[in-house]
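Structure first, then comments.
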Amino acid sequence: MSNIISPLSGKAADEGAVAAVPESSPQPQIQNLPAVEKKLGVALVGLSTYSERQLGPALTETAYCRLTGVVSGDREKCERWRLQYNLKDTNLYSYETFDEIKGNRDIDFVYIVLPNALHAEYVIRAANAGKHVICEKPMATNAEDCRRMINACKKARVKLSIGYRLHFDPFNQEMMRLGQNRVLGSIDRVVAIDAINVGKKDQWRLKKDLAGGGALMDVGIYCVQGALYTIGDLPLAVTARFLPKTDQEKFSEVEEGIEWEMEFPEGIKARRETSYNKKLSLLRAETVDGWFELQPAYDYNGLKGKTSEGPITLPSINQQAAQMDDFALCIQNNTQTRVPGEMGLRDLCILEAIYESARNRRRVELNLEEFQHLIEI
Ligand code: NAD
């Protein structure tokens, strides 16, 4: 269909894709998906920084969905969004009126972009309103809430997906291909570090009841994900240690940093670190024949990759647009999302084991058999 907008219209999207290693790298999978007549309507729940800077703009680039509604506690913010995105007056909701979204045919799915501890409540309310849902990472602050969210969505027969944008990013997809196919030989070790400077003291990210935890919950989760999809397997055990706090007051409720080792089948080890007091973004695999890595690995754009055989050259895409378009197509075609609620639950089980290990200073074994069926690691 000629009027379909390319979801790949992000920077450098037209550059040729050249992989340095054998076999052509995967093109972003969204590119080959079928065109549809009608764009699905999306409502963003929480007009947060991520909504403002990434998701709203991405929804002007999506091919299969578009912004049709917003939910916020701030009426003035809603008005600003209404003008900016040409929304109907009747598609602006507060947290109190959110459930009325049920009868709104302009909205096919909602995207929960609230502090972590609120994800469970809003996913369940969205499911009860009969809407498909994307929920931001981490899926919740504990595995039990994840199970409640999955059950509510199953019961309501709506799809549930987690905002794991990196599964749609060509550079991270290349790590999956190189690692899972053992293109450079069997993997000895994976190193992943995701660290950010978290910023000001008085924010929900530093409050245990809203965030669930510190750097691990927020950005360390990408290191867990990176190890799993590079190795292509589930971890057997974790051993973790909290890093010393440099600011006791600021980090009085949550950890500032944590490091941990994950043990995988075939004797593969993954060393990971996450922190709220520096900037570092690395995903690297060392193999019998060489190595491959991304640095930065987890950012929205500007990712860079290289291998022991040369640079990884791939197009940079709008990750969020690709992610939301993929979900829209899953709804349209009634197919399974690659990043379902079960994946969010799996990762919470791993995060909980890491915390348990750090708290009790002992190795914790994992039994993740129930997640073997996920279509993508
Ligand atoms: P933010 O601090 O910018 O915004 C939080 C929003 O929640 C605000 O609009 C605030 O008004 C609203 N809110 C409602 N109830 C609240 C309460 N009780 N306390 C505090 N705020 C409340 O948050 P953010 O950085 O955009 O993060 C939101 C979610 O998105 C988090 O789950 C985060 O992990 C996730 N996120 C994901 C990515 C990604 O790359 N996938 C990036 C950033 C954030």
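Predicted model only: the values in this text are computed from it and were never measured. Both counts, for ligands and for their atoms, begin at 1 and track the order of listing.
For Asp247 (side chain) and Glu249 (main-chain N/O), a donor-acceptor pair under 3.5 Å exists by modelled atom type.
By the criterion of a heavy-atom distance under 4.0 Å, neither the backbone nor the side chain of Gln203 is placed next to ligand 1. If you look at Lys77 next to ligand 1, the close heavy atoms, those under 4.0 Å, all belong to the side chain.
For atom 20 (C) of ligand 1, the closest non-hydrogen atom of the protein is Pro115 CG, 3.7 Å.
Using a non-hydrogen distance threshold of 4.0 Å, Gln54 does not register as a contact of ligand 1.
Residues in residues 99-139 take part in these ring-ring contact (aromatic ring centres under 6.0 Å, His included) pairs, two or more places apart or across chains: Tyr95-Tyr122, Phe98-Tyr122, Phe109-Phe327.
Annotation for Lys304: atom NZ does not count as buried by contact number, only 12 or fewer foreign heavy atoms lying within 6.0 Å. Under a cut-off of 6.0 angstrom, the local environment of CZ in Arg363 is crowded, with over 12 non-hydrogen atoms contributed by other residues, nucleotides or ligands.
Counting heavy atoms only, Leu210 comes closest to atom 19 (N) of ligand 1 of the residues Asp209, Asp74, Leu210. With Tyr222, Tyr111, Trp204, Tyr164 as candidates, the residue nearest to atom 2 (O) of ligand 1 on a non-hydrogen basis is Trp204.
Ligand 1 has no N or O atom lying under 3.5 Å from any N or O atom of Tyr95, backbone or side chain. For Glu136, a nitrogen or oxygen atom sits less than 3.5 Å from a nitrogen or oxygen atom of ligand 1, counting backbone and side chain alike. Looking at ligand 1, you won't find any N or O of Pro138 less than 3.5 Å from one of its N or O atoms.
For atom 14 (C) of ligand 1, the nearest protein heavy atom is under 4.0 Å away.
Listed by number with element, the atoms of ligand 1 under 4.0 Å from a non-hydrogen atom of Leu118 are 15 (N), 16 (C). Contact atoms of ligand 1 toward Tyr300: 40 (O), 42 (C), 43 (C) (distance under 4.0 Å to a heavy atom of the residue).
In terms of the salt bridge (Lys or Arg N to Asp or Glu O under 4.0 Å) criterion, residue partners of Asp106 (sequence neighbours excluded) are, by chain and number, Lys88.
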